[in-house]
Asks: 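Below you'll find the structure I mean.
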2 protein chains.
Amino acid sequence: MLSKSCIYALRSIVFLAYNASFDSKIGIKKIAEELDLPTHYTGKILQQLTKNKIIQSVKGPNGGFYLNEKSQEIELIEVIEVIDGLEFFTNCGLGLKECSEEHPCPLHYDFKIYRDGLWNLFSSKSILDLVSKIEDGDAFIKNFEKK
Amino acid sequence: MLSKSCIYALRSIVFLAYNASFDSKIGIKKIAEELDLPTHYTGKILQQLTKNKIIQSVKGPNGGFYLNEKSQEIELIEVIEVIDGLEFFTNCGLGLKECSEEHPCPLHYDFKIYRDGLWNLFSSKSILDLVSKIEDGDAFIKNFEKK
DNA sequence: ATAATAAAAGATAGTCATATCTTTTATTAT
DNA sequence: ATAATAAAAGATATGACTATCTTTTATTAT
């Protein structure tokens with residue numbers, strides 16, 4: 001459901017929230033290394049997140065990425081919107097062009113329950129919520145599917 | 001969530017259930033034309049469905065595709081399994097390799113509700129269920145996103 | 001048997017998400 | 001000012017899904 005890029009983004013952000021701060025920024029290389037991600041691809045994603053104010057960055061020596069206080073409160077759905085877009089949450093499950101309460105597809109009402117449920121879930125969890133559930137940080141950071 | 005191929009498959013099957021029978025089979029050309037789908041691509045999908053006994057086919061003159069009685073009772077999840085696979089319903093929402101009741105990801109329990117809900121939805125609806133909800137067949141057949 | 005029909009199978013092309021590398025720009029410390 | 005650092009930007013490559021075309025095989029009607 002979430003693209004690989006989006007999951008890379010979420011992992012990176014959680015990693016930053018957990019480990020970085022304005023006074024100790026973390027660079028692309030370090031992030032990619034710790035999360036075992038392709039360096040340049042990760043750079044692209046971080047760049048996109050920075051441009052959309054999801055995370056912060058500083059260039060030059062001692063530069064890198066970090067999250068300011070506001071960013072830590074960002075909801076997961078905002079990250080999803082930037083990376084994947086919200087099509088999943090707005091489009092008909094059966095691909096109907098016009099599917100609505102007035103002209104529902106055969107699965108409309110059933111499908112809507114779960115689609116809206118996921119929307120609400122991602123809209124109610126912040127980066128900090130994820131961080132707070134990490135009991136041993138490493139398991140969350142290291143345990144990802146590579147393929 | 002469902003791939004384009006999978007939606008093409010579902011539309012084709014519903015169209016067949018609605019319009020075809022052993023005594024009046026429908027060929028690829030006709031199906032593609034009526035549903036406004038790419039002919040050869042649709043052929044490939046129907047072929048895949050036939051191979052997996054989701055639909056039936058007969059070659060030669062007066063041949064084409066149709067659904068036998070058993071096929072009409074097929075659940076949507078079976079079509080999804082053949083075309084897209086069940087990864088969506090079995091994998092961790094955050095891409096964790098090992099995510100389970102014992103080692104849950106930060107979203108595991110919340111996410112599971114909706115993932116399982118969708119699984120159950122697709123497992124409880126048959127082709128005939130979709131057909132029976134078509135009040136005016138054309139709207140369902142014609143109203144699909146092309147892109 | 002033969003010709004016509006239509007699905008099955010194989011080969012090829014396009015597109016988009018994923019991934020990588022190189023060059024440029026901005027910042028900081030010296 | 002200068003050199004070092006690190007993100008930003010641009011160009012390119014890869015793979016999977018989507019799409020199309022051609023050839024082969026099977027069936028039916030004559």
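Letters A, B, ... are given to chains in the order of the sequence lines, protein chains preceding strands, and every chain is numbered from 1. Computed from heavy atoms alone, side chains included, the values below leave out hydrogens, waters and symmetry copies.
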Asks: So, does B:Ser57 get its side chain near the phosphate of C:dA8, meaning an N or O under 4.0 Å from OP1 or OP2?
Replies: yes
Asks: Tell me whether the NZ or CZ atom of A:Lys25 lies within the 45° cone about the ring axis of A:Phe22 and under 6.0 Å from its centre.
Replies: yes
Asks: Please answer whether the main-chain N or O of B:Val82 pairs with a side-chain N or O of B:Asn52 as donor and acceptor at a distance below 3.5 Å.
Replies: no
Asks: Identify each atom pair where a protein N or O and an N or O of nucleotides 10-18 of chain C are less than 3.5 Å apart, giving names and distance.
Replies:
residue, atom, partner, partner atom, Å
C:dG10, N7, B:Lys44, NZ, 2.8
C:dG10, O6, B:Lys44, NZ, 3.1
C:dT18, OP1, A:Lys4, N, 3.2
C:dT18, OP2, A:Ser5, OG, 2.9

Asks: When you compare the side chains of B:Ser132 and B:Asp129, does any donor N or O come within less than 3.5 Å of an acceptor on the partner?
Replies: no
Asks: Sort me out a list of protein N/O and nucleotides 26-30 of chain C N/O pairs below 3.5 Å, or just none if empty.
Replies:
residue, atom, partner, partner atom, Å
C:dA26, O4', A:Lys59, NZ, 3.1

Asks: Regarding B:Ile28, tell me which of base, sugar-phosphate or nothing describes its non-hydrogen contacts under 4.0 Å with the strands shown.
Replies: sugar-phosphate
Asks: Determine whether the side chains of A:Ser5 and A:Tyr41 contain a donor N or O and an acceptor N or O closer than 3.5 Å.
Replies: yes
Asks: How would DNA chain D look in dot-bracket form, 5' to 3', counting Watson-Crick and G-U wobble pairs with both distances under 3.5 Å and writing | for bases paired to another strand?
Replies: ||||||||||||||||||||||||||||||
Asks: Pairing donors with acceptors under 3.5 angstrom, does anything connect the side chains of A:Asn68 and A:Ser71?
Replies: yes
Asks: Would you indicate what A:Gly43 reaches in the nucleic acid, counting non-hydrogen atoms under 4.0 angstrom: base, sugar-phosphate, or nothing?
Replies: nothing
Asks: Under 4.0 Å between a Lys/Arg side-chain N and an Asp/Glu carboxylate O for B:Glu34 and B:Lys30?
Replies: yes
Asks: What contact category does B:Thr50 fall into here, base, sugar-phosphate, or nothing, at under 4.0 angstrom with non-hydrogen atoms?
Replies: sugar-phosphate
